[in-house]
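All ligand and atom numbering here is 1-based and tracks the order in the structure.
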Amino acid sequence: MRLTTQGLIVKEQTVGEKDKLVTAVTTDLGVIRAFVKGAKNIKSPRGASTQLLCYSQLVIYSGKNQDTYIIDEAKVIDMFSKLRRNVENMCLAQYFCELAMHLCPHGQPAQNCLKIILNGLYLLSENKRSPLLIKACVEMRLMCYAGYQPELTMCSGCGCYESDNMYFIPKSGILTCDKCLTPQQLPYALLLGKGVTRALRHTVYAEDGKLFSFNLPEESLILLNTATEQFMGYMLEKTFQTLSFYKFMAGVLRNSAKRNMN
Ligand SMILES: [Zn+2]
């Protein structure tokens, strides 16, 4: 089988002296692993267009092993070059790659997921939105596509749409107003307030094309991210190394910026 598809490279490993094995999220086959022969040769055009975070037009065929493909041709569509100049954004982009490997379908079309990640990377590289806003949107939308959609339309107890004190229960992915909050829910409850409740709903229910189109103050974005991370933690029972590293780097860079200001 020979197929032309588009794919974002989300992982790169060297194999032997000349070849590499990449993981890509493709439009037609979702997450695949594929060999790039001769990729380590400096003159290889395939090598350059199959680097981490390159979005490329790929011509692939199935290898001997059913699980892996061979990339025969690769031509860059976008390589998000501005992203590569900012360490913090680059760390966040690598977290998106790890998320993609875990949450995007394997062996099935992944156009929707791929579009969300590409839009996120574009906005990040062009500095068009706050990294925390992009992160929360990418996380929640990929979770929804992977079948983990929280129920945020109304309070799970009384059915009210809005309340001054709306709580999110990440463990069960539901909203509860202060009147309905049970003592059992209390230890897991996050008090969101109206703005963050609206934003969290937006990450789940907005049309794909409008996903990243909202504003929230930085403090509220931090709370929104606590909500999305806790929800993912409970649903996936997994921690992402690249997320820990992103947070570590963001902290280091913030502290050094503060030191330079003093
Ligand atoms: Zn209620």
* Asked: Hey, are T27 and Q111 close enough side-chain-wise for a donor-acceptor pair under 3.5 Å?
  -> no
Among side-chain atoms of E218 and S220, is any donor-acceptor pair under 3.5 angstrom?
no
Given a cut-off of 2.8 Å, the protein N, O or S atoms lying below it from the Zn ion (ligand 1) are C155 SG, C158 SG, C177 SG, C180 SG
Please set out all donor-acceptor pairs under 3.5 angstrom arising from side-chain atoms of residues 76-83, sequence neighbours excluded.
| residue | atom | partner | partner atom | Å |
| --- | --- | --- | --- | --- |
| D78 | OD1 | F80 | N | 2.9 |
| K82 | NZ | E126 | OE1 | 2.9 |
| K82 | NZ | E126 | OE2 | 3.4 |

Flag this pair as yes if the NZ/CZ of K247 is under 6.0 angstrom from the six-membered ring centre of F245 and inside a 45 degree cone about the axis; otherwise no. no
So salt bridge (Lys or Arg N to Asp or Glu O under 4.0 Å) across residues 248-262, not counting sequence neighbours, yields E88-R254
Apart from L58 itself, members of its ILVMFWY cluster (side-chain separation under 4.5 Å) are M1, L3, I9, V22, L29, I32, V36, I60, Y69, I71
